[in-house]
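For reference, the structure discussed in these notes is given below.
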There are 2 protein chains.
Amino acid sequence: MSQRKFKDEIYPHFARVAQALASDKRLELLDILTQGPRHVDALAQETGMSVANSSQHLQTLRAARLVETARKGNMIIYRVADPSVMNLWVALRGVAESRLAEVKQLAEEFHSARSNGDVVTRDQAEVLAHQNAVLLDVRPVAEFESGHLCGAINIPLDDLPDRLEELPSERRIIAYCRGLYCLLADEAAALLLANGFDVVRLEGGWPEWQSEGRPVIGGVT
Amino acid sequence: MSQRKFKDEIYPHFARVAQALASDKRLELLDILTQGPRHVDALAQETGMSVANSSQHLQTLRAARLVETARKGNMIIYRVADPSVMNLWVALRGVAESRLAEVKQLAEEFHSARSNGDVVTRDQAEVLAHQNAVLLDVRPVAEFESGHLCGAINIPLDDLPDRLEELPSERRIIAYCRGLYCLLADEAAALLLANGFDVVRLEGGWPEWQSEGRPVIGGVT
DNA sequence: CAAGTACTCAAGTGAGTAGTTGACAAGCCC
DNA sequence: GGGCTTGTCAACTACTCACTTGAGTACTTG
């Protein structure tokens, strides 16, 4: 097979995958799915789209084999198909963050008001976790159960005020949530700092952690 | 800033990057550029497109800030803008390879006829390189000079038959080229095997190596 | 400066894509 | 089965994109 013919056959497949990502709505759906499986109605609500429109975007993602479906009763559950998809989404966001000034600025504005406690890198966090630090997942229970950092405990932000006594006050706490554009860990850190805990926030969140192949429980296989 | 408003503002930027990748022609241009800077005419020739069309695709890539330009005489040189872009391209290809059966099959057909010498992973290659193995880059001189594996020597495939005596016959040789869909290293391995050398091929090539942050000389900064 | 090279731009056509609406299918519960 | 929920499909309009053609710009060389 000639080089030219091979390229003409294989590149359209690569483009098909990129094409599926080339819509803000689909990227938002994909991002939500990196946090755990969802049914169509929930996705439509979270994104503010009509069910029909969500359904069509989800089918585009499925046609590119980025997500998979399973029927459960009369609901259809969508989930991310493969860790490599998570990795691709993180890589895409990474390029936008490092190359597009607008993205950098928007992210800063978003976080400017609130930044409680120091931030640790994922490398540092792995070391600290071996040195008696507590990994605290403040996402909702369902998301924790669909996958979380190895060794983490789960106290959703909403429950945190009532469950402070579950946290050891003498150990350092590393709080994390859905990722760069999620404020759960930030709010948790504020609450914990106000109550005298030694708390830091993890840089990024669950998708970044998993896409780098760090130790996890559950998650996409 | 509300979560909804933030998402409505930031996701279109992510989509813009994906949009730029959503064309087989642009991906091919990008892939060529991962091997080193090129001027428009060279890119048009390599892809078989008209100059005007190549130019327009290149401008799309530039608008998404995936590539950068520099004028040199009356030529305009395009190059990949950032290592994260290389990483994104490798991630995209990775998803297509692991998720799309057609891609897997095409790649196998392409390589089926020829597979000379064993393949070593990039991890293994790094270890072997510290154990007296020779890293051999068989790409053209210009590509070697624009960036290569740390410690590699360059003998382009075309020159290899005349320059065999430059290679130590008692050391293991690790041959590499442009990547998964390039046959240079394969042909080099065939030639070296026929001449009694102990040769293996590197899995992937230059872009994969650089995007993983392994030691390099030159390359995109 | 004139001629030539390398690239970009503008306009036009045909193809493809997004979101809406209303009809339809598949499974649940009484 | 009848009525409900959940999701998909088909058809339509408005919009966007790809490639070509021909003109235009930027720089170099004689």
Side-chain angles (χ1 to χ4, degrees), chain A residues 4 7-9 11-30 32-33 37-79 142, chain B residues 4 7-9 11-30 32-33 37-79 142:
Chain A
R4 185 67 259 153
K7 284 192 165 188
D8 285 344
E9 290 197 17
Y11 275 84
H13 291 296
F14 299 146
R16 227 173 79 204
V17 175
Q19 185 72 257
L21 297 175
S23 144
D24 50 347
K25 306 298 166 59
R26 284 197 291 275
L27 288 175
E28 197 179 336
L29 288 168
L30 192 64
I32 295 170
L33 289 174
R38 293 278 193 291
H39 59 103
V40 179
D41 211 57
L43 290 164
Q45 279 202 307
E46 277 199 65
T47 57
M49 286 191 279
S50 70
V51 171
N53 199 17
S54 303
S55 172
Q56 278 169 188
H57 279 304
L58 286 166
Q59 281 170 71
T60 305
L61 287 172
R62 191 176 54 176
R65 312 231 20 210
L66 299 175
V67 303
E68 290 176 341
T69 55
R71 186 174 269 280
K72 188 178 171 188
N74 61 2
M75 290 192 294
I76 293 187
I77 312 289
Y78 279 82
R79 64 164 185 279
Chain B
R4 184 69 260 152
K7 285 192 167 189
D8 286 343
E9 290 198 17
Y11 275 84
H13 292 296
F14 299 148
R16 224 173 80 203
V17 175
Q19 185 73 256
L21 297 175
S23 145
D24 50 347
K25 304 297 165 57
R26 283 196 292 274
L27 288 175
E28 197 180 336
L29 288 168
L30 192 64
I32 294 170
L33 289 174
R38 294 276 194 291
H39 59 102
V40 180
D41 212 59
L43 289 163
Q45 279 201 308
E46 276 198 67
T47 57
M49 286 191 279
S50 71
V51 172
N53 199 18
S54 302
S55 172
Q56 279 170 188
H57 279 305
L58 287 165
Q59 282 172 69
T60 305
L61 288 172
R62 191 176 54 175
R65 313 231 17 212
L66 298 175
V67 302
E68 289 176 342
T69 55
R71 185 174 272 278
K72 188 179 173 188
N74 60 2
M75 290 192 293
I76 293 186
I77 312 289
Y78 279 81
R79 64 164 185 280

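So that the names make sense, note that chain A is the first sequence line, chain B the second, and so on, each numbered from 1. Heavy-atom basis, side chains included; hydrogens, waters and symmetry copies ignored.
Within the structure, every side-chain polar atom (N or O) of S55(B) is placed at least 4.0 Å from both OP1 and OP2 of dC7(C). At the phosphate of dT8(C), OP1 or OP2 sits under 4.0 Å from a side-chain N or O atom of Y78(B). Look at H57(A) and you won't find any side-chain N or O under 4.0 angstrom from OP1 or OP2 of dT17(C). Using a 4.0 Å cut-off, some side-chain N or O of H39(B) falls inside it from OP1 or OP2 of dC7(C).
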Might you list the N or O atoms of the protein lying below 3.5 Å from N or O atoms in nucleotides 20-23 of chain C, with each pair's distance?
none

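Within the structure, no pair that satisfies the salt bridge (charged side-chain N to carboxylate O under 4.0 Å, His left out) test touches residues 48-57 of chain A, not counting sequence neighbours. Within the structure, salt bridge (charged side-chain N to carboxylate O under 4.0 Å, His left out) pairs that include any residue of residues 13-22 of chain A comprise R16(A)-E102(B) (at least two apart or interchain). Among pairs with a residue in residues 63-73 of chain A, those fulfilling side chain to side chain donor-acceptor pair (under 3.5 Å) read R62(A)-T69(A), E68(A)-R79(A), E68(A)-R99(B), at least two apart in sequence or across chains. For the side chain to side chain donor-acceptor pair (under 3.5 Å) condition, the pairs that include at least one residue of residues 20-30 of chain A, sequence neighbours left out, are R26(A)-H57(A), E28(A)-R4(B).
As a whole-Å value, the separation of R38(A) CZ from dG7(D) C1' is 18 Å. The separation between Y11(A) atom OH and dA18(D) atom P is 17 Å, rounded to whole Å. Here dT6(D) presents its P atom at 6 Å from CG of D41(A), a figure rounded to the nearest Å. Look at CD on E28(A): it is 16 Å from C1' on dG19(C), rounded to the nearest Å. Counting to the nearest Å, the C1' atom of dA18(D) and the CG atom of L58(B) are 15 Å from each other.
Within residues 12-26 of chain B, no residue places a heavy atom under 4.0 Å from DNA chain C. A heavy-atom distance below 4.0 Å to DNA chain D is reached by these residues of residues 62-77 of chain A, ordered by number: N74(A), M75(A), I76(A).
Counting only heavy atoms from C-beta outward, the side chains of L66(A) and L29(A) never approach each other to under 4.5 Å.
By the side chain to side chain donor-acceptor pair (under 3.5 Å) test, E46(A) is found to be paired with R38(A), residues two or more places apart in sequence or in another chain being considered. Under the ring-ring contact (aromatic ring centres under 6.0 Å, His included) criterion, Y78(A) pairs with no residue, sequence neighbours left out. Residues satisfying the side chain to side chain contact (heavy atoms under 4.5 Å, CB included) test with A44(A), not counting sequence neighbours, are V51(A), S54(A). Residues satisfying the side chain to side chain donor-acceptor pair (under 3.5 Å) test with T47(B), not counting sequence neighbours, are none. Residues passing the side chain to side chain donor-acceptor pair (under 3.5 Å) test with Q45(B): none are found, sequence neighbours excluded.
Across all non-hydrogen atoms, the minimal contact from L61(B) to A20(B) is CD2-O, 3.8 Å.
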